[in-house]
K.L.:
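Got a structure here, written out as structure tokens. Questions coming.
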Protein chains: 2
Amino acid sequence: MSGAATGSRALATHPPERGGAVAPDTRARASKAGHVYREIKEAILAGTLQPGAPIDKAALCEKLGMSRFPVTAAINRLAFERLVTVEPQHGSFVARIALRDVRECMLVRRAIEGDIAAEVARRAGPDLAEALLRNLRYQGAAVAAGDRAGLYALDVAFHGAICGAVAFHHAEAMLDGLRARLERTRRILMTPPGRMAETVAEHEAVAAAIVAGDPDWARTAMRRHLARTAALFDGFAAENPALFFTVP
Amino acid sequence: MSGAATGSRALATHPPERGGAVAPDTRARASKAGHVYREIKEAILAGTLQPGAPIDKAALCEKLGMSRFPVTAAINRLAFERLVTVEPQHGSFVARIALRDVRECMLVRRAIEGDIAAEVARRAGPDLAEALLRNLRYQGAAVAAGDRAGLYALDVAFHGAICGAVAFHHAEAMLDGLRARLERTRRILMTPPGRMAETVAEHEAVAAAIVAGDPDWARTAMRRHLARTAALFDGFAAENPALFFTVP
DNA sequence: TTGCACAAGCTAGCATGTCAGTTCAACATG
DNA sequence: CATGTTGAACTGACATGCTAGCTTGTGCAA
């Protein structure tokens, strides 16, 4: 009986192919593994779990009230994102921040976001332009108020709006991964008070280029902006070597 | 090729604590999950498992002689790479190729590899130059012999040599993921016989720029080359719409 | 006191068992 | 004959027990 059933089904299946969705969170909707994944990731990004710290699976299982399976799956995903390193038969640890990794992430981010900005400039709609300009007005207000955290949030939203304008799922996922690795230092760093106005000016150049529909200008502006940001990271790292994991 | 020359350099620069390398294949050396992971991936890339085909876990377990755990772990990894889509309580399927994904992958690849080429041009050593030029000589021979498969292998090696010259682990991993998604179409595509000489010429321009140590030239040459490749993909997709999954 | 060998404890990887949700087809019913 | 219902079977998500390998602490010998 089982034989016949499997035979007919296996061959017949898959005409539907319902969704073209490749979304990463498709399965994360209500899964325990997805939950603990976000939990650990947030803890790492927030700094609650410091770089190099061991991840106690058993404690996590007990705390979250689930078995080791979802926890293991989540850690495997994080290992794939390079946010944790798992050493077989030894333990799982929060990945350390290597300065060279930060530099590399910024290089890749500059490359991708620069080209995305150019692409967005090609097919920008009036609604995006309006959203960017509104965001910029808020940024100006944040600078005037000296609100670093607010500016940071607006910064993230600004870049998110641009990257979201084109539906590049893979690129978005990649930038997300990059951002996740950068976030840990970024939360400490933010934008130095003296550089806030400068940052907004760079954003304005990017927005102007996109609104003007000039791809090359947009790419250049975005790359310049991210190069400055990378320089900020570097400077910060030079001043705070203890926070980073320099290769011995 | 990178062997003797890179030996001293690579070891000197990056022997950070034992876990320095988090490469996905580090743990895969002898792990069952890693084995089945490579197995399925290869099957997908080679086309043995066609896009949209269901993946029968049970059959895989039996065929490979292991329990469901390694198979599940491997499929989870592949799902993270977007090579398979897993629908909870329904089944796991080989991801379809979406034309927009191919375009997007090429855009990202062009962005990253362009900047990497520029970076490599900055710090290129004589050993890399020699390797590239030797590779180019082989490419010329492959063209002369009309060996498409050989040229393809040399193409991969050429790009690999450039990207491997800088130790950008994250970028390499990303490009690997991109390449994996592109590979399926690429194996069908390869380089059209009429374009082989053109491809080599583009490679020669890239190599010349790197050897000359001119970052901007290198970036431009690499971007031009990858733009051409993207155009090839597009043309192929236009001629063979049935092979692709056009998103609704 | 110092160096080494051994064993105990911990870890991730793996095997197996169970549960819940979905799909499809046979069946009863209008 | 069309249609709504129900049941079986398949699937992935999850729980739990076991195994192999690394780390480390301890005791013994030089």
Side-chain angles (χ1 to χ4, degrees), chain A residues 1-19 21 24-40 52-80 84-95, chain B residues 17-19 22 24-40 52-80 84-95:
Chain A
M1 52 180 77
S2 56
T6 51
S8 62
R9 188 198 54 76
L11 290 175
T13 30
H14 206 67
E17 88 150 57
R18 29 135 54 56
D25 46 9
T26 292
R27 63 121 76 87
R29 39 176 191 175
S31 104
K32 288 189 179 183
H35 176 241
V36 53
Y37 164 79
R38 286 189 295 273
E39 193 89 5
I40 302 179
I55 298 177
D56 191 338
K57 275 194 190 180
L60 266 171
C61 295
E62 195 176 357
K63 196 177 75 174
L64 299 176
M66 59 183 66
S67 86
R68 305 192 310 267
F69 189 95
V71 177
T72 299
I75 288 182
N76 279 342
R77 278 207 250 168
L78 290 165
F80 212 90
V84 316
T85 69
V86 38
E87 304 177 10
Q89 275 70 42
H90 181 207
S92 306
F93 306 88
V94 179
Chain B
E17 60 168 10
R18 38 105 65 56
V22 212
D25 46 9
T26 292
R27 63 121 77 86
R29 39 178 191 172
S31 114
K32 291 190 177 184
H35 176 241
V36 52
Y37 164 78
R38 286 188 298 272
E39 195 89 5
I40 303 178
I55 298 177
D56 191 340
K57 274 194 192 181
L60 266 171
C61 296
E62 194 176 358
K63 195 178 77 172
L64 299 176
M66 58 183 67
S67 86
R68 306 189 310 269
F69 189 95
V71 177
T72 300
I75 289 183
N76 280 341
R77 279 206 249 169
L78 290 165
F80 208 90
V84 314
T85 68
V86 37
E87 304 178 11
Q89 273 69 41
H90 180 209
S92 307
F93 307 89
V94 178

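Below, all heavy atoms of this structure are taken into account, side chains as well, without hydrogens, waters or symmetry copies.
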K.L.:
Roughly, in whole Å, what's the span from CD in B:E87 to P in C:dT23?
P.N.:
8 Å
K.L.:
Can you figure out which of D:dC14, C:dA12, C:dA20 approaches the side chain of A:S31 most closely?
P.N.:
D:dC14
K.L.:
Among D:dG12, D:dA15, D:dT16, which nucleotide has an atom closest to any side-chain atom of A:R68?
P.N.:
D:dT16
K.L.:
Have a look at A:A58 and say if it touches a base, only the backbone sugar-phosphate, or nothing, with a 4.0 Å heavy-atom cut-off.
P.N.:
nothing
K.L.:
So which heavy atom on A:G52 is nearest to which on A:F93, and how close?
P.N.:
O-CD2, 3.8 Å
K.L.:
Measure from the side chain of A:M66, starting at C-beta and using heavy atoms only, and say which of C:dG13, D:dA15, C:dG21 lies closest.
P.N.:
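Selected nucleotide (nearest to the side chain): D:dA15.
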K.L.:
CZ of A:F93 versus C1' of D:dT23: gap in Å, rounded?
P.N.:
10 Å
K.L.:
When the nearest nucleotide of DNA chain C is assigned to B:F69 and to A:D56 on a heavy-atom basis, which residue is associated with the more 5' position?
P.N.:
A:D56
K.L.:
Got a sec, which residues hit side chain to side chain contact (heavy atoms under 4.5 Å, CB included) with B:A73, two or more places apart in sequence or on another chain?
P.N.:
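Only B:A33 meet the side chain to side chain contact (heavy atoms under 4.5 Å, CB included) criterion with B:A73.
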K.L.:
From CG of B:L60 over to P of D:dG12, roughly how many Å is that when rounded to an integer?
P.N.:
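B:L60 atom CG is separated from D:dG12 atom P by 10 Å.
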K.L.:
Is A:K57 near enough to C:dC10 that one of its side-chain N or O atoms lies under 4.0 angstrom from OP1 or OP2?
P.N.:
no
K.L.:
Could you list the residues that satisfy side chain to side chain contact (heavy atoms under 4.5 Å, CB included) with B:F69, not counting sequence neighbours?
P.N.:
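If we apply the side chain to side chain contact (heavy atoms under 4.5 Å, CB included) test to B:F69, skipping adjacent residues, the hits are A:F69, B:S67.
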K.L.:
For B:K32 and D:dT19, what is the distance between atoms NZ and P respectively, to the nearest whole Å?
P.N.:
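One finds 14 Å between P of D:dT19 and NZ of B:K32, rounded.
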K.L.:
Rounding to a whole Å, what distance do you find between B:I75:CD1 and D:dT11:C1'?
P.N.:
11 Å
K.L.:
To the nearest Å, how far apart are B:N76 CG and D:dA13 C1'?
P.N.:
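To the nearest whole Å, that distance equals 10 Å.
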K.L.:
On DNA chain D, compare the nucleotides closest to B:S92 and A:S67; which residue's is nearer the 5' end?
P.N.:
B:S92
K.L.:
Under 4.5 Å between any side-chain heavy atoms of A:I40 and A:L60, yes or no?
P.N.:
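With C-beta onward as the side chain, the pair touches.
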K.L.:
In whole angstrom, give the distance that lies between atom CG of A:L78 and atom C1' of C:dA12.
P.N.:
16 Å
K.L.:
Which listed nucleotide (C:dT23, C:dC14, D:dT16) is nearest to the side chain of B:H90?
P.N.:
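From the listed options, C:dT23 comes nearest.
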K.L.:
Could you tell me if the side chain of A:N76 sits less than 4.5 Å from the side chain of B:N76, heavy atoms only?
P.N.:
no
K.L.:
Rounding to an integer number of Å, can you tell me how far A:H35 NE2 sits from D:dC14 P?
P.N.:
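Rounded to whole Å, this separation is 12 Å.
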